[in-house]
Amino acid sequence: MTTTEAGSTEAGGIEAGGTDAAGGASVPPARMPEAGDAAVVVGSLSPSRAGDFMTCPLLYRFRVIDRIPERPSAAAVRGTLVHAVLERLFDLPTGARTPAAALEMLAPEWDRLLEEEPELAELFEDGADGEAEHAEWLAQARRMVERYFTLEDPRRLEPAERELFVETVLDSGLKLRGYIDRVDVAPSGDVRIVDYKTGTAPRADFEARALFQMKFYALVLWRLRGRVPRLLQLMYLGNGEILRYEPDEADLRATQRKVEALWQAIRRAMETGEWRARAGRLCDWCDHKERCPEFGGTPPPLPAAPVNRPSPADLEEARRADARAGVAAREHDDL
């Protein structure tokens with residue numbers, strides 16, 4: 001069941017516990033390999049890379065096979081900044097988690113991002129115009145942080161996990177991996193997966209696409225912990241809406257089938273060299289438009305082997321890993 005709500009300080013009832021609609025004794029479709037198992041990993045897939053292939057197979061190729069550098073976008077970096085603030089908000093004592101405290105984190109978190117990646121300073125031009133653009137960019141980040149407090153009260157929450165890295169290997173050998181913004185666990189054991197989005201809530205006909213990432217995470221957690229998460233919650237800080245979904249075993253089994261089918265399609269593209277472009281409404285923002293045949297461009301020759309350098313599309317995941325572990329982890333899709 002899916003529900004979409006405008007701003008509310010209620011957070012779906014998980015704090016108070018409840019009944020797991022899917023039951024606590026459900027059996028996952030497979031298991032994680034035990035120590036010593038001779039599991040052969042044939043490849044790996046994250047929600048973002050799966051999303052790339054669903055959006056445009058050629059985009060997946062440019063990012064994963066060719067690893068063509070991409071320019072950081074102001075919107076994506078603003079999302080990283082807001083995520084960092086909301087993650088660190090829960091480092092504070094319960095009573096100190098206030099809007100003022102969160103807003104005070106914005107400047108130091110931006111300074112930290114600049115220290116880690118000095119090239120981000122190039123997002124804004126020198127001079128008065130660049131300063132005005134940066135000021136508006138930061139003001140939008142402030143509004144998103146303030147809007148978060150209209151959706152829930154962090155003083156009533158104590159997340160079980162933040163920026164949680166999860167991975168599991170399917171029986172086929174496909175590794176699923178990703179980072180979950182937040183995992184809440186009620187006294188009853190009910191699990192809620194929470195994801196912050198700095199855009200606006202999708203129209204009803206695009207909700208399934210938005211929920212794919214959350215079902216992906218729910219599938220991995222189910223396999224790891226043996227219990228179907230009770231609630232998936234997307235918090236849209238762009239317009240102050242919450243999208244909630246209660247998954248069941250059938251949902252997650254269907255998600256596994258979809259992921260397996262996606263991987264088979266990716267493997268076919270690798271074997272045939274046919275990476276088809278799929279034009280859509282996001283093309284105008286794509287860094288690869290000039291080399292896309294849909295717009296008169298020519299893709300570069302396929303490399304003989306995957307290029308061994310960090311993919312810009314994976315830098316966000318790596319940055320989130322660095323923030324939690326303090327190391328320069330770089331996890332990429334295996335081919």
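The model shown is predicted, which means the values in this text are computed figures rather than measured ones.
- By the salt bridge (charged side-chain N to carboxylate O under 4.0 Å, His left out) test, K289 pairs with D284, sequence neighbours left out.
- R97 contributes a side-chain N or O that, together with a main-chain N or O of L92, makes up a donor-acceptor pair within less than 3.5 Å.
- Here the CD atom belonging to E246 is positioned 9.0 Å from the CG atom belonging to L232, to the nearest 0.5 angstrom.
- Annotation: D126, atom CG; neighbour count of heavy atoms from other residues, nucleotides and ligands within 6.0 Å does not exceed 12.
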Going through the distances and angles, do D66 and R61 end up as a side chain to side chain contact (heavy atoms under 4.5 Å, CB included)?
-> CA-CA 6 Å; D66 300 287; R61 181 206 138 169; 2.6 Å; yes

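- Side-chain atoms of R244 and L234, non-hydrogen and from C-beta on, never get closer than 4.5 Å to each other.
- Note that NZ of K175 and OG of S46 are 12.0 Å apart. Values are rounded to the nearest 0.5 Å.
- At a threshold of 4.5 Å between non-hydrogen side-chain atoms, the residues C292 and L58 count as touching.
- Between the CD atom in E109 and the CG atom in L86 there is a gap of 10.5 Å [rounded to 0.5 Å].
- Between the side chain of Y217 and the backbone N or O of Y179, at least one donor-acceptor pair lies under 3.5 Å.
- Side-chain contact between W110 and L113 is present, with at least one heavy-atom pair separated by less than 4.5 Å.
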Test side chain to side chain contact (heavy atoms under 4.5 Å, CB included) applied to I68 and R63, step by step = CA-CA 6 Å; I68 297 174; R63 286 179 165 173; over 6 Å; no

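- Between the CZ atom in F124 and the CD atom in E136 there is a gap of 10.5 Å [rounded to 0.5 Å].
- Note that CD of E207 is 5.0 Å distant from CG of L243, once rounded to the nearest 0.5 Å.
- Across all their heavy atoms, L219 and L252 have their closest contact at CD1-O, 3.7 Å.
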Run the numbers on K197 and D195 for salt bridge (charged side-chain N to carboxylate O under 4.0 Å, His left out), then give the verdict.
-> CA-CA 6 Å; K197 298 296 186 186; D195 195 73; 3.0 Å; yes

Verify side chain to side chain contact (heavy atoms under 4.5 Å, CB included) between D190 and V185, making sure each step is shown before the conclusion.
-> CA-CA 6 Å; D190 288 336; V185 180; over 6 Å; no

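- Checked by atom type and distance alone, the side chain of H83 pairs as donor or acceptor with a backbone atom of G79 at under 3.5 Å.
- In terms of hydrophobic clustering, with Ile, Leu, Val, Met, Phe, Trp and Tyr side chains grouped at heavy-atom distances under 4.5 Å, L59 and V259 are assigned to different clusters.
- For E133, the CD atom is densely surrounded, since the number of other residues' heavy atoms within 6.0 Å is greater than 12.
- Rounded to the nearest 0.5 Å, atoms CG (D248) and CG (D251) are 4.5 Å apart.
- Heavy-atom minimum distance, P229 versus P247: O-CG, 3.2 Å.
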Counting only pairs under 3.5 Å, give me each side-chain donor-acceptor contact of residues 272-280, with atom names and distances, residues two or more places apart or in other chains.
{"unit_1": "T272", "atom_1": "OG1", "unit_2": "R268", "atom_2": "O", "d": "2.9"}
{"unit_1": "T272", "atom_1": "OG1", "unit_2": "E274", "atom_2": "N", "d": "3.2"}
{"unit_1": "R278", "atom_1": "NH1", "unit_2": "M54", "atom_2": "O", "d": "2.5"}

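- Using modelled atom types, no side-chain atom of T150 and backbone atom of E146 make a donor-acceptor pair closer than 3.5 Å.
- No donor-acceptor pair closer than 3.5 Å links the side chain of R78 to the backbone N or O of S73.
- One finds a salt bridge joining D52 and R49 here, because a Lys/Arg side-chain nitrogen approaches an Asp/Glu carboxylate oxygen to under 4.0 Å.
- Of all the heavy atoms in N239 and R147, the pair that sits closest is C-CD, 3.8 Å.
- You'll find the side chain of E131 stays beyond 4.5 Å of the side chain of E125, heavy atoms only.
- With respect to the salt-bridge test (charged N to carboxylate O, under 4.0 angstrom), the residues E158 and R182 do not qualify.
- The two residues A74 and L123 make their nearest non-hydrogen contact at N-CD2, 3.8 Å.
- Contact of the I65 side chain with the P303 side chain is registered, since non-hydrogen atoms from C-beta on lie closer than 4.5 Å.
- Between L45 and L174 the shortest side-chain heavy-atom distance falls below 4.5 Å.
- With contacts defined as side-chain heavy-atom distances shorter than 4.5 Å, the pair V77/W137 qualifies.
- Hydrophobic clustering of Ile, Leu, Val, Met, Phe, Trp and Tyr side chains at less than 4.5 Å, counting indirect connections, keeps F62 apart from F295.
- The backbone N or O of R71 lies less than 3.5 Å from a partner atom in the side chain of D287, making a donor-acceptor pair.
- The minimum heavy-atom distance linking A50 with F212 is given by the pair CB-CE2, 3.9 Å.
- In R155, the CZ atom is not crowded: 12 or fewer heavy atoms of neighbouring residues, nucleotides or ligands sit closer than 6.0 Å.
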With salt bridge (charged side-chain N to carboxylate O under 4.0 Å, His left out) as the test, would you mind laying out the steps for R162 and D91 before giving the verdict?
-> CA-CA 10 Å; R162 287 171 284 148; D91 289 335; 3.0 Å; yes

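- In terms of heavy-atom proximity, A102 sits nearest to V85 at O-CG1, 3.4 Å.
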Evaluate side chain to side chain contact (heavy atoms under 4.5 Å, CB included) for V166 paired with R177, printing each intermediate quantity in order.
-> CA-CA 6 Å; V166 292; R177 62 176 177 83; over 6 Å; no

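- In terms of hydrophobic clustering, with Ile, Leu, Val, Met, Phe, Trp and Tyr side chains grouped at heavy-atom distances under 4.5 Å, M144 and Y196 are assigned to a common cluster.
- Residues V64 and I266 form no side-chain contact, since every pair of their non-hydrogen atoms from C-beta on lies 4.5 Å or further apart.
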